[in-house]
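Here the structure is a predicted model, which is why all the values come from computation and not from measurement.
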Number of protein chains: 2
Amino acid sequence: MATDGIPNEKVRDALRAAHLYYLQDLTMEAIASELHTSRSSVSRLLGFARDIGLVEIQVKSPADRISSVQDRIHEQHGVNAYVVPVPDSTAEVDRLERVAMSAARILGPFFDSNMTMGIAWGSTLSAVSRHLQDKVTHNSQIVQLNGASNAQTTGIGYASEIMSRFGRAFGAYVQQFPVPAFFDDPRTKEVLWRERSIRRVLEIQKRMDIALFGLGSALADVPSHVYVGGYLDEADFEQLRHSEVVGDVATVFYRADGSSDDIPMNARSSGPSLSLLSKVSRRVCVVSGRSKLPALRGALAAGVMTDLIIDEATAHSLLDG
Amino acid sequence: MATDGIPNEKVRDALRAAHLYYLQDLTMEAIASELHTSRSSVSRLLGFARDIGLVEIQVKSPADRISSVQDRIHEQHGVNAYVVPVPDSTAEVDRLERVAMSAARILGPFFDSNMTMGIAWGSTLSAVSRHLQDKVTHNSQIVQLNGASNAQTTGIGYASEIMSRFGRAFGAYVQQFPVPAFFDDPRTKEVLWRERSIRRVLEIQKRMDIALFGLGSALADVPSHVYVGGYLDEADFEQLRHSEVVGDVATVFYRADGSSDDIPMNARSSGPSLSLLSKVSRRVCVVSGRSKLPALRGALAAGVMTDLIIDEATAHSLLDG
DNA sequence: AGAGCGTCTGCACATATGTGCATTCGACTT
DNA sequence: AAGTCGAATGCACATATGTGCAGACGCTCT
């Protein structure tokens, strides 16, 4: 069942309240008397209705796009841009939070029944997962794009929490990917990739309709989760520097020109190769913060995304540079 | 221009405010400081944003339809039903008002650029027109379905006000139909229908993508606008009674079984014949109040509508009877 | 029956939002 | 330059909405 343990009656009331409030502009007071309950209950009921996704609010830019920034990004880089307004003064953390919230809202309409969405993991995705609006879908699934365990931990807690938040929000089946983020030996990966249990996941990945990911910025001042979680050692870093890596998508690395060939680390990565990724019809990238700029430029050069959700300041920098 | 005399800057701010408020859940206070203005201005800005249709709020019934009423109506009568929740105790006038408000909201998504919508006129349509949400469309038009003038007045004020409200809300071109609601002599109609200026309108009607109308209930306790506005005289009423008429759509009459042949009054009516109307792909009917029930049954029998927007009580009566 | 537990309710209060009004600002007229 | 008008602003107040809390209610378990 999609409607877990929630009494059907409550949903019915919530639906009715939402209808009266949002479609008929009644005040909560009026709705309360109509439902024979107190105003405060109505307030809570409406909150519930929003939570379970009975109410969808869209903000549409008028046909004559105000935010020409989005258009210019589209022209220059061929991706659909969603520029999230955030004042420059905002702290980096808040900025990510706000971009993530918008991303979660934008994502809603993208995902629907009978679809498969692949998601990476990291601080960006974690933030997005915390702001997802519920939306009922059927026969849909969420699949993890790259492994999360490392020498220290299984990484289960972090990555799988992201996964399950997505699964819960959409009522989708969640397919974990229980492999390490990076293998010590590329041959291990090759062997493991032949296992049926793994191939099943790889097959699902291959059929996904949407991919959702943030960007890792290898050597930026604000290192991404992959770079501080004990996934890589000093030798690995040295190797990345030597390969002139500027960023990664789902633990697959690339250079400033978008190329990702002959980067030894990729043979050890559990993530989907960029060429495989680019077969997905919709590839949504969420970026927040100027420190991601080099990684973003590389990712754009690689043509890794079709849709970009980005904060205002970084969007401007992207165009200025 | 679609964006009349509104300074572009205001729209930009409104869009930004809407984004921050609806998509990032900021408080108006926070938005005010971000836009360097006062909280009250933000409140007004958001109101403006809603007015010009930057914000769209949808209430979606979950897949497992709560309101089985809609489904049952669909099964029994083959039309898409939208049941508007209204308590039974509500006065007839308020009821119409609330149904109209919901209708206006439901209508929004139906109409888009490059479309033509034909509309009737009457108290129901008038109410709907007063609650329309703005929506920017291009190359779209609104066409009047039936004439509005009578022996006393040209009817211009009333009908054309409805028309122009629709036109304004959608930024659509408005095509009036400057003929009497009923001709005294059917031959006058025949002759006039050959005039090029009239044929032009008839051509537009023929190509419309949506038709929107209420129902007239001929002999009900609450007579419709047509029946009190001096459009018909006592002889006409007698004739209608004799023809066993139960209602009308855009001044075209029909019987309880849905038939409309051999009703003399129809030869004098300026409205589109039911057979012509039924060629329109989407035909939306708005009904409020139990007194419309006989007219509604007849209209359903005639298969005149594809979508029905109706108040709860009347919907129940429809199923019960 | 009665204790234990979690959920739901309405109250009272804390916040957040809407709006009349007087004032200011700018564009345009005389 | 002064005058006129309308739009835009912020203040103060009126409404509307959100939420902590204590009590009520309906369970289960003993």
Answer with base, sugar-phosphate or nothing: what part of the nucleic acid does A:S43 contact at a heavy-atom distance below 4.0 Å?
base
Name the nucleic acid region contacted by B:S40, choosing base, sugar-phosphate or nothing; use a 4.0 angstrom heavy-atom cut-off, strictly under.
base
Figure out the [atom1]/[atom2] separation between [X] and [N], and round it to whole Å.
X	N	atom1	atom2	value
A:I31	C:dG10	CD1	P	15 Å
A:L45	D:dT17	CG	P	14 Å
B:R39	D:dT15	CZ	C1'	12 Å
A:Y21	D:dA16	OH	C1'	7 Å
B:L20	C:dT17	CG	P	13 Å
A:F48	D:dG18	CZ	P	16 Å
B:H36	D:dT9	NE2	C1'	16 Å
A:D25	C:dG18	CG	C1'	13 Å

Which one, D:dT17, D:dC13, D:dG10, comes nearest to the side chain of B:S41?
D:dG10
Taking C:dC11, D:dG18, D:dG10 as options, the one with an atom nearest any side-chain atom of A:R44 is C:dC11
Quick check: do [X] and [Y] have side-chain heavy atoms less than 4.5 Å from each other?
X	Y	answer
B:Y22	B:R50	yes
B:V59	A:E56	no
B:V143	B:M117	no

For D:dT9, take OP1 and OP2 only and decide whether either is under 4.0 Å from a side-chain N or O of B:T37.
no
Respond yes when some side-chain nitrogen or oxygen of B:R50 is under 4.0 Å from OP1 or OP2 of C:dT17, and no when none is.
no
Would you compute the distance between atom CG of A:L107 and atom OG of A:S102 and round it to the nearest 0.5 angstrom?
11.5 Å
Would a distance-only check, ignoring hydrogens and angles, find a side-chain to backbone donor-acceptor pair under 3.5 Å from A:K135 to A:G108?
yes
